[in-house]
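What you are looking at is a predicted structure, and each value in this text was computed from that prediction instead of being measured. The sequence lines fix the lettering, A, B, ..., with proteins before strands; numbering per chain opens at 1.
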Amino acid sequence: MQQKYVPRDIEREAQQYWDAAGAFRARETPGQPKYYCLSMFPYPSGKLHMGHVRNYTIGDVLTRYHRMKGRNVLQPMGWDAFGLPAENAAMANGVPPAKWTHENIAYMKRQLQSLGFAIDWSRELATCQPDYYRWNQWLFLRMLEKGLVYKKTGIVNWDPVDKTVLANEQVIDGRGWRTGAVVEKREIPMYYMAITRYAEALLAALESLSGWPERVKTMQANWIGKSYGVRFAFPYELDGKKEKLWVFTTRADTIMGVTFAALAAEHPLAARAARDNSKLAAFIEECKRGSVMEADLATIEKKGMPTGLSITHPLTGQPVPVWVGNYVLMAYGEGAVMGVPGHDQRDFEFATQYGIPIRSVIKPRDKDLELPLKQAYVEYGVCVNSGKYNGLDYQQAVDAIAADLKAKGLGEKQVLWRLRDWGISRQRYWGCPIPIIHCDGCGDVPVPDHDLPVVLPEDCVPDGTGNPLAKRTDFVNTTCPKCGKPARRETDTMDTFVDSSWYYLRFACPDSARSMVDERVAYWLPVDQYIGGIEHAILHLLYSRFWTKVMRDLELVDIDEPFANLLTQGMVLNEIYFRRADGGRTTYFNPAEVDVKLDDAGNRSALVKADGAPVEFGGIGTMSKSKNNGVDPQELIDHYGADIARFFMMFTSPPEDTLVWSDAGVEGAARFLRRLWTYAVRFERGGGPAIAAQPSKAARFEIHSVLKQANYDIGKHQFNTVASAAMKILNALDRLLGVSDEIAKEGLSILLRLLAPIAPHIAHHLGRELKFGEDVRAAPWPEHDPAALIEDEIELVVQVNGKKRGDVRVPRGADSKAIETIVLADPAVQKHVSGQAIKKVVVVPG
RNA sequence: GCCGGGAUGGCGGAAUUGGUAGACGCACGGGACUCAAAAUCCCGCGGUGGCAACACCAUGAGAGUUCGAUUCUCUCUCCCGGCACCA
């Protein structure tokens with residue numbers, strides 16, 4: 001055995017061994033419990049970042065652990081290969097996105113392999129492959145047949161930098177999620193998936209997801225946004241026609257307090273009123289411009305303008321003035337609201353500003369409101385000043401009012417959802433073509449199944465001026481499948497979230513040529529453990545749940561939910577160092593370029609290595625280019641090897657917490673594995689000098705106690721303490737070596753198996769060198785020996801008046817009476833009870 | 001504002017689900033080895049007082065339940081994440 005631990009050598013050797021053995025090939029084995037462990041597949045951006053390494057290490061630990069526990073494990077890997085960065089890179093370098101993507105995939109695959117992940121590469125897929133995305137197109141057509149896909153012209157979010165449409169989910173605070181550019185509104189014809197038809201199902205099923213983090217479920221529930229209320233109409237006459245203005249409210253009990261109605265600037269009635277009112281038209285234009293800035297919307301002043309129109313209160317018959325208000329959203333509800341200043345704070349502010357009457361129609365059950373109101377009273381209460389509804393509570397009033405409105409044909413109870421249908425058309429080249437042909441005679445014609453896939457030409461180089469597909473006449477020009485006359489292909493491609501909405505199903509049967517999925521899905525799905533970043537809590541996870549339900553209803557799969565358990569790993573952070581020049585420009589220094597000194601009290605002083613001058617500490621933040629605080633995983637792997645990188649990742653923080661990068665921490669992980677190696681060398685030579693020999697019983701007790709705890713921890717996915725258990729066992733062995741080869745061997749064997757999921761290469765290598773077995777990967781997971789935990793004597797801690805006053809050793813199985821006698825004889829205890837009567841004695845058994 | 005999650009040494013974090021708070025590691029201090037350094041090994045390391053034995057204080061703050069609370073209950077403060085003029 002080598003004297004020195006050289007990770008590079010043993011890691012290459014172990015990887016070759018696994019490779020030759022086909023060790024990670026997953027086969028459907030009916031009868032054997034399966035474990036499908038999936039990490040969110042990466043976008044092939046160029047090279048792995050630290051977040052990937054963490055994500056995939058967590059997945060690999062679980063994969064290897066469950067393999068050792070006897071499960072039939074599948075851990076696949078693929079590539080989320082369509083997307084904008086490929087086009088941006090193409091514009092910068094003149095390389096076709098396809099070439100760029102494939103090169104990145106090749107490089108990143110080598111990186112993943114060098115980390116020793118137990119991935120079944122025979123199932124590898126990339127979403128840019130025609131035999132993958134043809135099924136996007138196929139399911140799109142099925143959904144089209146079912147009316148789950150439809151075409152609609154609507155107001156969409158337009159990202160002026162990427163020149164593309166964004167889904168609502170891709171707009172964050174009024175800005176594009178990728179570019180950060182302020183989003184504009186445009187009208188564009190596009191295809192939608194009717195996810196709202198599944199709103200109820202998606203919301204209801206959240207309850208069944210007991211293996212999901214609470215906060216992810218909450219985020220999804222908020223996003224779906226179910227509210228119960230009443231949709232009703234104000235009748236009015238305009239241009240000699242009887243019309244209705246519809247609104248939605250969750251507070252129908254306040255309807256008798258309506259003193260105005262307000263329209264969104266985009267509301268058709270607002271446009272009608274502005275026709276002969278130039279001041280109003282100007283105001284509407286101003287609102288439309290302003291309303292793009294959603295981030296500011298929350299803070300801007302309530303503004304409005306009367307339309308001059310009047311509508312009729314549906315219950316009282318009184319006239320109600322109609323305003324346009326900058327705080328009314330066209331996209332939610334009806335784009336118009338009833339104004340109840342007495343009981344809605346926004347309406348209150350609006351009414352106060354414009355001198356609109358404020359009516360109080362709700363009061364607390366046990367007292368009267370102080371009038372005039374200083375702010376809206378928004379709590380539930382009982383109706384007053386409300387005619388026949390006086391005295392009713394919230395629910396009674398809503399029921400009665402809804403019934404009366406229904407009787408008049410002017411409204412009824414309605415459930416309203418925040419969730420909107422999913423617009424999937426993208427005016428981009430590098431994505432899955434939408435399988436539609438536009439024919440002047442026949443309209444929009446679906447591509448027949450036998451013509452799928454519609455293959456994306458791979459040699460385009462986008463130049464930033466719109467979609468290059470539109471310029472490819474060989475792609476665009478085709479014939480109509482219906483009439484055979486010349487026709488044009490749709491050049492929009494699908495949102496890349498479509499690609500990732502079902503890849504986890506395809507991994508079960510990546511070679512299925514005749515169908516989207518086959519019977520192997522029934523064996524592997526649902527995914528037993530899904531692992532990925534919290535940033536996908538809404539978009540990707542909601543779309544995937546939606547697709548699963550659609551495919552279930554098309555009888556393609558028989559599961560309701562795709563992911564039984566979800567682990568959202570924390571982000572990887574690093575320190576930030578910077579200097580601010582006189583001009584105010586900030587220069588960031590990578591922490592690797594900075595010498596940091598900490599004194600006893602933890603005070604930090606930092607100098608740039610290059611010039612020896614001080615830098616400012618900017619706190620801890622996510623690794624990013626802009627803060628220049630990233631660490632390249634490749635450097636870590638090159639310098640320390642995969643095991644040390646993996647061990648550091650697992651040891652430093654629990655998987656769901658943020659992980660702060662630390663060079664010293666990596667060094668600590670390296671130190672441990674080197675110590676383990678050194679110990680193994682000594683063990684192989686036949687034990688070392690017997691130092692402070694403990695009885696073997698105590699040694700086994702120590703090892704098996706640690707093991708028991710480690711098993712409890714790994715069940716909670718608390719891998720940091722599992723790693724520390726490995727360290728504790730090594731510490732114990734180090735102290736005990738020479739006591740008995742039998743126990744040293746048992747301890748070392750446990751240690752290597754405990755370590756195998758985290759640092760598989762060294763565990764594999766040492767296991768073979770020490771002849772513990774052919775392959776630690778296939779060894780049984782260590783379980784503690786209960787017999788080892790039975791002691792002849794146990795230590796008891798003694799408290800007097802709630803304070804620890806000593807400890808005593810008593811024989812195992814001593815009864816309370818005997819224990820009491822021993823404890824009271826203890827001098828330390830005596831000191832604290834002397835001369836006083838003992839009121840109560842509590843003995844905790846064991 | 002609403003919803004969710006947090007707060008433990010100089011730092012990352014642990015505490016067998018109410019029973020010795022600070023495991024394991026990092027940093028730091030002291031020592032051994034060395035011509036020297038690195039590596040390695042040994043010792044110390046929450047705070048205050050004390051030569052020491054030991055005592056007191058201490059898990060964001062305050063109360064409560066309990067023989068006993070980091071853990072359970074209530075109130076509050078702060079931090080992180082999500083949602084939000086959502087009618």
Does the side chain of [X] get closer than 4.0 angstrom to OP1 or OP2 of [N] through an N or O atom?
{"X": "A:Arg675", "N": "B:C41", "result": "yes"}
{"X": "A:Asn711", "N": "B:U16", "result": "no"}
{"X": "A:Arg671", "N": "B:G25", "result": "no"}
{"X": "A:Asn222", "N": "B:A84", "result": "no"}
{"X": "A:Lys716", "N": "B:A15", "result": "yes"}
{"X": "A:Arg805", "N": "B:C56", "result": "yes"}

Within a 6.0 Å radius of atom [atom1] on [X], are there more than 12 heavy atoms belonging to other residues, nucleotides or ligands?
{"X": "A:Lys226", "atom1": "NZ", "result": "yes"}
{"X": "A:Lys817", "atom1": "NZ", "result": "no"}
{"X": "A:Lys609", "atom1": "NZ", "result": "yes"}

Separation of the [atom1] atoms in [N] and [M], to the nearest angstrom:
{"N": "B:A58", "M": "B:G22", "atom1": "P", "answer": "16 Å"}
{"N": "B:C26", "M": "B:G13", "atom1": "P", "answer": "16 Å"}
{"N": "B:A53", "M": "B:A38", "atom1": "P", "answer": "33 Å"}
{"N": "B:G30", "M": "B:C35", "atom1": "C1'", "answer": "22 Å"}
{"N": "B:A7", "M": "B:A15", "atom1": "P", "answer": "12 Å"}
{"N": "B:A69", "M": "B:U65", "atom1": "C1'", "answer": "10 Å"}
{"N": "B:A84", "M": "B:G1", "atom1": "C1'", "answer": "8 Å"}
{"N": "B:A23", "M": "B:G12", "atom1": "C1'", "answer": "13 Å"}

>> Quick check on B:G9: syn or anti? Syn means the glycosidic torsion is within 90 degrees of zero.
In response: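 Classified syn.
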
Among [options], which is the nearest nucleotide to the side chain of [X]?
{"X": "A:Val842", "options": "B:A87, B:G19, B:C85", "answer": "B:G19"}
{"X": "A:Arg346", "options": "B:A87, B:A27, B:G4", "answer": "B:A87"}
{"X": "A:Ile538", "options": "B:G12, B:C83, B:A87", "answer": "B:C83"}
{"X": "A:Asn720", "options": "B:C85, B:G13, B:G4", "answer": "B:G13"}
{"X": "A:Arg215", "options": "B:C26, B:G4, B:C67", "answer": "B:G4"}
{"X": "A:Thr721", "options": "B:C85, B:A14, B:A87", "answer": "B:A14"}

What is the nucleic acid contact for [X], judged by heavy atoms within less than 4.0 Å: base, sugar-phosphate only, or nothing?
{"X": "A:Asn731", "result": "sugar-phosphate"}
{"X": "A:Arg231", "result": "nothing"}
{"X": "A:Val328", "result": "base"}
{"X": "A:Gln709", "result": "sugar-phosphate"}
{"X": "A:Asp344", "result": "nothing"}
{"X": "A:Lys226", "result": "nothing"}
{"X": "A:Thr658", "result": "sugar-phosphate"}
{"X": "A:Ser662", "result": "nothing"}
{"X": "A:Pro213", "result": "nothing"}
{"X": "A:Gln718", "result": "sugar-phosphate"}

Nearest whole Å is fine: how far is [N] [atom2] from [X] [atom1]?
{"X": "A:Glu667", "N": "B:U40", "atom1": "CD", "atom2": "P", "answer": "7 Å"}
{"X": "A:Phe651", "N": "B:C26", "atom1": "CZ", "atom2": "C1'", "answer": "8 Å"}
{"X": "A:Leu419", "N": "B:G82", "atom1": "CG", "atom2": "C1'", "answer": "16 Å"}
{"X": "A:Lys728", "N": "B:U16", "atom1": "NZ", "atom2": "P", "answer": "11 Å"}
{"X": "A:Gln414", "N": "B:A87", "atom1": "CD", "atom2": "C1'", "answer": "12 Å"}

> Partners of A:Arg54 by salt bridge (charged side-chain N to carboxylate O under 4.0 Å, His left out), sequence neighbours excluded?
Replying inline: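 Not a single residue meets the salt bridge (charged side-chain N to carboxylate O under 4.0 Å, His left out) criterion with A:Arg54.
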
> Do A:Phe260 and A:Val322 come within less than 4.5 Å of each other through their side chains, counting heavy atoms only?
Replying inline: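 No. Closest side-chain heavy atoms not under 4.5 Å.
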
> Below 4.5 Å, heavy atoms only, C-beta onward: do A:Val328 and A:Phe350 meet side chain to side chain?
Replying inline: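 No, their side chains stay 4.5 Å or more apart.
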
With a 3.5 Å cut-off and sequence neighbours excluded, list the donor-acceptor pairs that the side chains of residues 665-677 of chain A form with protein atoms.
from: A:Glu667; atom 1: OE1; to: A:Tyr640; atom 2: OH; distance (Å): 2.8
from: A:Glu667; atom 1: OE2; to: A:Arg674; atom 2: NH2; distance (Å): 2.9
from: A:Arg675; atom 1: NH1; to: A:Asn731; atom 2: OD1; distance (Å): 3.1
from: A:Arg675; atom 1: NH2; to: A:Asn731; atom 2: OD1; distance (Å): 2.9
from: A:Arg675; atom 1: NH2; to: A:Asp734; atom 2: OD2; distance (Å): 3.0
from: A:Trp677; atom 1: NE1; to: A:Gln2; atom 2: O; distance (Å): 3.1
from: A:Trp677; atom 1: NE1; to: A:Gln3; atom 2: O; distance (Å): 3.4

> Closest heavy-atom contact between A:Lys302 and A:Tyr354?
Replying inline: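 It is O-OH, 4.1 Å.
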
>> Using modelled atom types and a 3.5 Å cut-off, is there a donor and acceptor pairing between side-chain atoms of A:Arg700 and backbone atoms of A:Ala698?
In response: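 The answer is no, because no donor-acceptor pair under 3.5 Å joins these two groups.
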
> Do side-chain atoms of A:Arg646 reach the backbone of A:Ile758 as a donor and acceptor pair under 3.5 angstrom?
Replying inline: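 The answer is yes, because a donor-acceptor pair under 3.5 Å joins these two groups.
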
>> Go nucleotide by nucleotide along RNA chain B from the 5' end; which of A:Arg674 and A:Val660 gets its closest nucleotide reached first?
In response: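 Result of the comparison: A:Val660.
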
> RNA chain B: A:Met219 or A:Glu349, which has the more 5' nearest nucleotide?
Replying inline: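 Its nucleotide being nearer the 5' end, the pick is A:Met219.
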
>> Are there runs of at least three consecutive Watson-Crick or G-U pairs touching RNA chain B, with each pair's two distances under 3.5 angstrom? Give them by first number.
In response: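 Paired runs of 3+ in RNA chain B: B:1-7 with B:77-83, B:10-12 with B:24-26, B:28-32 with B:40-44, B:46-49 with B:54-57, B:60-64 with B:72-76.
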
>> Please determine whether any donor N or O and acceptor N or O are separated by less than 3.5 Å between the side chain of A:Glu214 and the base of B:G5.
In response: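 Answer no: no donor N or O sits under 3.5 Å from an acceptor.
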
> Testing A:Thr57, A:Thr568, A:Ile58 for side chain to side chain contact (heavy atoms under 4.5 Å, CB included) with A:Pro655, which one passes?
Replying inline: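 For A:Pro655, the side chain to side chain contact (heavy atoms under 4.5 Å, CB included) test succeeds with only one of A:Thr57, A:Thr568, A:Ile58, which is A:Ile58.
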
